[in-house]
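Keep in mind the model is a prediction, meaning the values are calculated, not measured. Just so it is clear: chains get the letters A, B, ... in the order the sequence lines come, proteins before strands, and each one is counted from 1.
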Protein chains: 2
Amino acid sequence: MNDGAGAFKQSPGAGAATCHGDEGDSCHRVGHSPGKRRLSELTEQLRAKSRKITGPRQKILDVLRMNRHPVTIKELFAQMPRGDCDLVTVYRSLHLLESMGMVKRFDFGDGTARFELIDGPDGGHHHHLICTRCESIVELEDCFAKEMELSVAKRNGFASVTHRLEFFGICPKCQ
Amino acid sequence: MNDGAGAFKQSPGAGAATCHGDEGDSCHRVGHSPGKRRLSELTEQLRAKSRKITGPRQKILDVLRMNRHPVTIKELFAQMPRGDCDLVTVYRSLHLLESMGMVKRFDFGDGTARFELIDGPDGGHHHHLICTRCESIVELEDCFAKEMELSVAKRNGFASVTHRLEFFGICPKCQ
DNA sequence: CACTTAATGCAAATCACTTGCAAAGGTGGA
DNA sequence: TCCACCTTTGCAAGTGATTTGCATTAAGTG
């Protein structure tokens, strides 16, 4: 109850995505070659803010780099060599990474937060399309809502307007 | 883990809205004249599906009718004459009403579900703009994402695509 | 009015997430 | 390289929202 800004503990962002990881399907592929930034580049960001580069944190960043879709804390934890660190540490680390703008939190209403390493310049703003049956997800390139955001903000006199947009449906396989 | 469709317990819908009700502000006005459908009309829907019209359910529907913004279970419960029914009953009733398509669940990431009585023909599809400071909310008339929904669905071969869209910002008062 | 079945209340259980606290581990400076 | 200092971590316990088990009560129905 003391992180994030304002009354909501969420981080108004956008998108949605998932994959529970136990139903090995066409979902996220764990363990493929690092598709994101180098680990050193990431740890450097930590160091830049005088945060310690600890073992658990490196492992966590590494797992995040391996996942192309948002992962839940549990999934992330499961992908770490047993005993690498405590679940609580994963929670704490993701909070830190989020507050540092290194990861983005997604929430698609199933009561479990999901995290993705931020890639692009604008935080790699994007959305997801989730299959409500198999939970497979598709990362959507474009963000359609930017203009809406502006018009909604202007029309209602709101400032710093952000949005969260998620799409749900039945994927081709599940139809 | 056994209601709703598919793997997600959420009901992929759209929108967002809230108001915690204790900070009496420009937020939801409880107790104004019934702005929504008559109670008899509502109970009729229940009866049509051979659901019983119980005391608690009538009270719950009544409170829902009085609120123009989505309410949390707790708020709803608090607005019922003390001792009218158990908190658990409110949870169960809302599940029922949701599954019957009579209420819509909104979720804006603070970990508490909010419900609104469904009004219009298309389920009164709309979105909300929430102030992250005072939690006041604005109901947005139009739905901007319908077209996206179609294009996203087509482009990815998904069926029955729905979306959830929420806007967050700082309201005029809080700036 | 008796009956059948759904609904309710109460207590206890889950679940995701957070917090308190003492022990362990990075880091910058001597 | 060694240390003191302050951040992190692990473990246990706590929250808050929501669900579940089960015996009891109350809507509909004939």
Side-chain angles (χ1 to χ4, degrees), chain A residues 1-4 7-11 18 20 43-44 46-61 70-78 80 82-100 105-115, chain B residues 1-4 7-11 18 20 22 43-44 46-61 70-78 80 82-100 103 105-115:
Chain A
M1 281 262 187
N2 58 334
D3 62 276
F8 292 89
K9 64 182 169 190
Q10 71 173 175
S11 55
T18 191
H20 272 176
T43 54
E44 209 38 63
L46 279 175
R47 187 165 280 126
K49 297 211 176 184
S50 61
R51 294 327 200 123
K52 297 181 177 171
I53 319 288
T54 64
R57 285 184 184 164
Q58 292 190 62
K59 297 274 170 44
I60 290 168
L61 283 171
V71 286
T72 64
I73 298 274
K74 285 279 185 61
E75 289 164 3
L76 209 167
F77 184 60
M80 296 176 68
R82 282 268 146 253
D84 257 9
C85 83
D86 195 87
L87 219 210
V88 179
T89 298
V90 183
Y91 273 101
R92 284 196 271 231
S93 294
L94 284 174
H95 264 295
L96 172 72
L97 295 175
E98 186 187 9
S99 74
M100 290 182 61
R105 174 193 298 262
F106 290 97
D107 162 16
F108 31 103
D110 67 338
T112 329
R114 283 168 174 78
F115 300 85
Chain B
M1 278 264 186
N2 58 333
D3 62 275
F8 293 89
K9 63 182 169 189
Q10 71 171 172
S11 54
T18 191
H20 272 176
D22 302 284
T43 55
E44 209 38 63
L46 279 175
R47 187 166 279 124
K49 297 212 176 180
S50 63
R51 292 329 201 116
K52 298 179 178 172
I53 319 289
T54 63
R57 284 185 186 164
Q58 292 191 63
K59 297 273 170 44
I60 290 169
L61 282 171
V71 285
T72 64
I73 298 274
K74 283 278 185 62
E75 288 165 3
L76 209 166
F77 184 60
M80 296 177 69
R82 280 270 145 252
D84 258 10
C85 82
D86 195 88
L87 219 209
V88 179
T89 299
V90 182
Y91 273 101
R92 284 196 271 231
S93 295
L94 284 174
H95 264 294
L96 172 71
L97 295 174
E98 186 185 10
S99 74
M100 289 181 63
V103 303
R105 175 193 298 262
F106 290 98
D107 162 17
F108 30 104
D110 66 338
T112 328
R114 282 169 176 78
F115 300 86

In this structure, how many angstroms lie between the [atom2] atom of [N] and the [atom1] atom of [X], rounded?
| X | N | atom1 | atom2 | value |
| --- | --- | --- | --- | --- |
| R105(A) | dA16(C) | CZ | P | 14 Å |
| E98(B) | dT19(D) | CD | P | 10 Å |
| K74(A) | dT18(C) | NZ | P | 13 Å |
| L87(B) | dC10(C) | CG | C1' | 12 Å |
| L94(A) | dT18(C) | CG | P | 10 Å |
| E75(A) | dC17(C) | CD | P | 11 Å |
| L76(A) | dC17(C) | CG | P | 12 Å |
| D84(A) | dT8(D) | CG | C1' | 15 Å |

Roughly how far, to the nearest 0.5 Å, is the [atom2] atom of [Y] from the [atom1] atom of [X]?
| X | Y | atom1 | atom2 | value |
| --- | --- | --- | --- | --- |
| I73(B) | R92(B) | CD1 | CZ | 12.0 Å |
| H95(A) | L97(A) | NE2 | CG | 11.0 Å |
| T89(A) | D84(A) | OG1 | CG | 10.5 Å |
| I53(B) | Q58(B) | CD1 | CD | 6.5 Å |

Please tell me if the side chains of K74(B) and T112(B) come closer than 4.5 Å, counting only heavy atoms from C-beta onward.
-> no
Heavy-atom side-chain proximity of L76(B) to L94(B) below 4.5 angstrom |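 A side-chain contact exists here, since the closest heavy-atom pair is under 4.5 Å.
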Minimum heavy-atom distance [X]-[Y], with the two atoms named:
| X | Y | result |
| --- | --- | --- |
| M80(B) | P56(B) | CE-O, 4.2 Å |
| P70(A) | E75(A) | O-OE1, 4.2 Å |
| C85(A) | F77(A) | O-CE1, 3.0 Å |

Just how large is the angle between the end axes of the helix from dC1(C)-dG30(D) to dA30(C)-dT1(D), five pairs per end, to 10 degrees?
-> 30°
Among all residues two or more places apart in sequence or in another chain, which pass the side chain to side chain contact (heavy atoms under 4.5 Å, CB included) test with R51(A)?
->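 Scan of R51(A) (side chain to side chain contact (heavy atoms under 4.5 Å, CB included), adjacent residues dropped) gives L46(A), K49(A), R57(A), L96(A), M100(A).
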Distance check: side-chain N/O of Y91(A) vs OP1/OP2 of dT18(C), anything under 4.0 Å?
-> no
For H95(A) and dT18(C), is the shortest distance between a side-chain N/O and OP1 or OP2 below 4.0 Å?
-> yes
Strictly under 3.5 Å: I want the nitrogen or oxygen pairs between protein and nucleotides 11-14 of chain D, one per line.
from, atom 1, to, atom 2, distance (Å)
dC11(D), N4, R92(A), NH2, 3.4

Residue set satisfying salt bridge (Lys or Arg N to Asp or Glu O under 4.0 Å) with D86(B), at least two apart, ordered chain then number -> none
Out of dA17(D), dT9(D), dG28(D), whichever nucleotide has its closest atom nearest the side chain of T112(B) |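 My answer, after comparing the listed nucleotides, is dA17(D).
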Could I get a table of every N or O pair under 3.5 Å where one atom is in the protein and the other is in nucleotides 4-7 of chain C?
from, atom 1, to, atom 2, distance (Å)
dT5(C), O2, K52(B), NZ, 2.9
dA6(C), O4', K52(B), NZ, 3.3
dA7(C), OP1, R51(B), NH1, 3.4
dA7(C), OP1, R57(B), NH1, 2.6
dA7(C), OP1, R57(B), NH2, 2.8
dA7(C), OP2, R51(B), NH1, 2.8
dA7(C), O5', R57(B), NH2, 3.2

Earlier contact from the 5' end, DNA chain D, for G55(B) and I73(B) |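 Going by which nucleotide is closer to the 5' end, it is I73(B).
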